[in-house]
Protein chains: 2
Amino acid sequence: MEDTRGDSGPLKSVRRLFDVVEAIEALQEATLTEIADETGIATSTLYEYLKTLEGVQYIIKEDREYRLGSKFVRLGTSSKQVIPLTGVVTPYLERLAEDTGETVWFLIEEYGLGVYLEHAAGDQSIKTAHSIGGQSHLHCHAGGKAILAHLPADRVNKIINTHGLPAMTENTITSRSRLLEELEQIRDQGYAQNDSEQLEGTRAVSSPIVIEGEVFGAISIGGPEHRLHGEWFEEELPNQVRSVTNEIRLDRLYS
Amino acid sequence: MEDTRGDSGPLKSVRRLFDVVEAIEALQEATLTEIADETGIATSTLYEYLKTLEGVQYIIKEDREYRLGSKFVRLGTSSKQVIPLTGVVTPYLERLAEDTGETVWFLIEEYGLGVYLEHAAGDQSIKTAHSIGGQSHLHCHAGGKAILAHLPADRVNKIINTHGLPAMTENTITSRSRLLEELEQIRDQGYAQNDSEQLEGTRAVSSPIVIEGEVFGAISIGGPEHRLHGEWFEEELPNQVRSVTNEIRLDRLYS
DNA sequence: GATATTGTTCCGGTAATCCCGGAATCCGTC
DNA sequence: GACGGATTCCGGGATTACCGGAACAATATC
């Protein structure tokens, strides 16, 4: 029997449960048959999954449509709270967003992908491109490269092997050696840049939070290239992110 | 065989899965044996649950400790996005927090409990008392009462039957008739107040967002009683929340 | 408004799986 | 290096997840 999730653990019903949950997530709101189509689970079986999810109050059935309940919001908050830096980072993000006027992100690495955990919008910033909890490849933006630059070499290789280096734009780094070279450079200069590598017309500058050799995440400033250019992009923003990540490092160390 | 979750759905393994997830949530970080103690599941069985959760990348095993992964953050974001007002409410919350200097909340009702979904902190505000996704009884604070006041009478009764009216402080309304009376008054005046009913020494003012007879949530302003008193608490804040919820209503209607 | 169609809920038998005891292995500690 | 504790692995037996199909409900069609 084929299985979309491969050998991801012995308990089939748990795997299927998350198939169901993710199907509802993807569809936002959906009826039983819609979810059945999405997952390939027989309607009578799916009915039991949905009934149970409703019983534990993790999904909500309104009229005939199912949607995710706010208990997932609670789990999300709990999940974030355990991550060492989430509490510390927020005020720094807000100040940086205010000072620069651009959108600022706090990003971590998990299972080889980047995850956006916090966000602060400056007055100039356009509406958010990513959502909190959203995943992204690491090789195609400043924050991801900043993190990769400080992961052990074997982990970087494993991540590349698992997720590849897919081209998001024509500027995306798609060669392993090119990437490793750039990571070297990022380590040297203490910050990373993204020039239309993830999304055409957008740029970013990022610096990692490294404490005792371990990366805990990265702070990024991003915006449209018509604002992020020249000295502002090459000098000013790199200095600002680096000084903020340094402050966070010290805050974390002495508190 | 006894079951903590009662008749909450036919699929036992799904119920147990959420027992495991919630145990990890409660413990924040925990080893296999700690989770086994918390849930009462045999270690060999639990091992399979954790293995599967790790396989689908919803938990993270570091060293010997398990914790919730950020996929729950993603699900939380998705869950919030489906709720009709989340997108709309944020800028209004921020403005209200700035204007009043106090902490401001957006609250909804789900399964008979209040859930805090958004939050904005004014410069005067102390650190947040609730967390995003956190649940609370509805009868003991302004936002909850504002919502209850606009739910159908039979739903209100059902909620009281299910969750009771537990006393959180000596000011908490613990009598059904007293509560119903106050809800009546809240409907009349268009806002609700909380005077040390949830937490000693804190007050709040709240107004519901009602569109075509349906409550979609409530906005609350909360703070310590030494700041929330007199005309500010009795006149100014009620006017401010009401005007904001009214704006949100109109924003929602014509957009 | 009656009928057709589509979607949901219920039921029961069976194959699969979850489940736990116990053994083996790993890890930290004395 | 031996001990104790925790984790991982294994196997068989009991439970339950699973799906077909029937009953029922809701919606669409004429």
Side-chain angles (χ1 to χ4, degrees), chain A residues 1-24 26-69 82 111, chain B residues 1-24 26-69 82 111:
Chain A
M1 196 153 288
E2 73 268 66
D3 192 330
T4 22
R5 288 183 184 276
D7 61 338
S8 46
L11 298 190
K12 190 183 167 190
S13 56
V14 172
R15 293 199 310 269
R16 290 190 115 186
L17 172 79
F18 283 105
D19 283 340
V20 172
V21 168
E22 288 175 10
I24 300 176
L27 298 166
Q28 310 227 78
E29 288 192 283
T31 64
L32 185 121
T33 22
E34 285 167 345
I35 303 167
D37 288 348
E38 182 83 9
T39 55
I41 299 173
T43 54
S44 52
T45 306
L46 180 62
Y47 178 72
E48 303 190 301
Y49 276 89
L50 294 174
K51 202 86 208 249
T52 311
L53 272 164
E54 209 189 340
V56 295
Q57 308 190 344
Y58 272 84
I59 61 169
I60 292 155
K61 186 183 183 180
E62 226 163 44
D63 214 12
R64 201 149 292 267
E65 305 241 295
Y66 295 92
R67 59 185 169 87
L68 299 182
V82 182
Y111 286 107
Chain B
M1 195 154 289
E2 72 267 65
D3 190 329
T4 24
R5 287 184 184 275
D7 61 338
S8 49
L11 299 190
K12 191 182 167 190
S13 56
V14 171
R15 292 198 312 267
R16 291 190 112 185
L17 171 80
F18 282 104
D19 284 340
V20 172
V21 168
E22 286 175 12
I24 301 175
L27 299 166
Q28 309 229 75
E29 287 193 283
T31 64
L32 186 122
T33 22
E34 286 168 343
I35 302 167
D37 289 348
E38 180 84 9
T39 56
I41 299 173
T43 54
S44 52
T45 307
L46 180 60
Y47 178 71
E48 305 190 300
Y49 277 89
L50 294 173
K51 202 87 210 249
T52 311
L53 272 164
E54 209 189 340
V56 295
Q57 308 191 344
Y58 271 84
I59 62 171
I60 292 156
K61 186 185 185 179
E62 226 163 42
D63 217 12
R64 206 149 288 267
E65 305 240 295
Y66 294 92
R67 60 184 167 86
L68 299 182
V82 181
Y111 285 107

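Letters A, B, ... mirror the listed sequences (proteins, then strands); counts begin at 1.
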Rounded distance (Å) that lies between atom P of C:dT17 and atom CG of A:L17
16 Å
Classify the nucleic acid contact of A:T45 as base, sugar-phosphate or nothing, counting any heavy atom under 4.0 Å across all strands shown.
base
Any B:Y66 side-chain heavy atom under 4.5 Å of B:V20 side chain
no
D:dA17 C1' sits how many Å from B:R15 CZ, rounded?
12 Å
Which residues pass the side-chain contact (heavy atoms from CB on, under 4.5 Å) test with A:A42, not counting sequence neighbours?
A:S44, A:T45
With the criterion being N/O to N/O and under 3.5 Å, what pairs connect the protein with nucleotides 24-30 of chain C, and how long is each?
none

Taking for each residue the nucleotide of DNA chain C bearing the nearest heavy atom, is the 5' side occupied by A:L32 or by A:S13?
A:L32
Terminal axes of the helix from C:dG1-D:dC30 to C:dC30-D:dG1 (five pairs each): angle between them, nearest 10 degrees
50°
Could you check whether any side-chain heavy atom of B:Y58 comes within less than 4.5 Å of a side-chain heavy atom of B:V21, counting everything from C-beta outward?
no
Give me the residues of residues 46-53 of chain A where at least one heavy atom lies under 4.0 Å from an atom of DNA chain D, by number, or none.
A:E48, A:Y49
5' precedence on DNA chain D between A:T43 and B:V14 (nearest-nucleotide basis):
B:V14
Residues which pass side chain to side chain donor-acceptor pair (under 3.5 Å) with A:S13, listed by chain and number, not counting sequence neighbours:
B:S13
Can you see if the side chain of B:T31 gets near the phosphate of D:dT7 - specifically, an N or O under 4.0 Å from OP1 or OP2?
yes
Would a 4.5 Å heavy-atom cut-off, applied to side chains only, mark A:V82 and B:L68 as touching?
no
Listed pairs under 3.5 Å, donor-acceptor, residues 47-57 of chain B side chains, sequence neighbours left out:
residue: B:T52; atom: OG1; partner: A:L11; partner atom: N; Å: 3.1
residue: B:T52; atom: OG1; partner: B:E48; partner atom: O; Å: 2.7

Side-chain donor-acceptor pairs under 3.5 Å in residues 28-37 of chain B, sequence neighbours left out?
residue: B:T31; atom: OG1; partner: B:T33; partner atom: OG1; Å: 3.4
residue: B:T31; atom: OG1; partner: B:E34; partner atom: N; Å: 3.4
residue: B:E34; atom: OE1; partner: B:T31; partner atom: N; Å: 2.8

Which nucleotide in the set C:dT9, D:dC19, D:dA17 lies at the smallest distance from any side-chain heavy atom of A:S44?
D:dC19
Closest heavy-atom pair, A:A23 versus A:E38, reported as atoms and distance to 0.1 Å, is CB-CG, 3.6 Å
In this structure, CZ of A:R16 is separated from CG of A:L46 (nearest 0.5 Å) by 9.0 Å
Is A:R16 near enough to D:dT16 that one of its side-chain N or O atoms lies under 4.0 angstrom from OP1 or OP2?
no
What is the separation between atom CG on A:L11 and atom C1' on D:dA17, rounded to the nearest whole Å?
12 Å
Show me the pairs that pass salt bridge (charged side-chain N to carboxylate O under 4.0 Å, His left out) and involve residues 55-64 of chain B, at least two apart or across chains.
B:E62-B:R67
To the nearest 0.5 Å, what is the distance between CG (A:L17) and CZ (B:R15)?
13.0 Å
Where the side chain of A:K61 is concerned, which of C:dT9, C:dC18, D:dT8 is the nearest nucleotide?
C:dT9
Stretch residues 33-42 of chain B: residues that reach within less than 4.0 Å of DNA chain D through a heavy atom:
B:T33
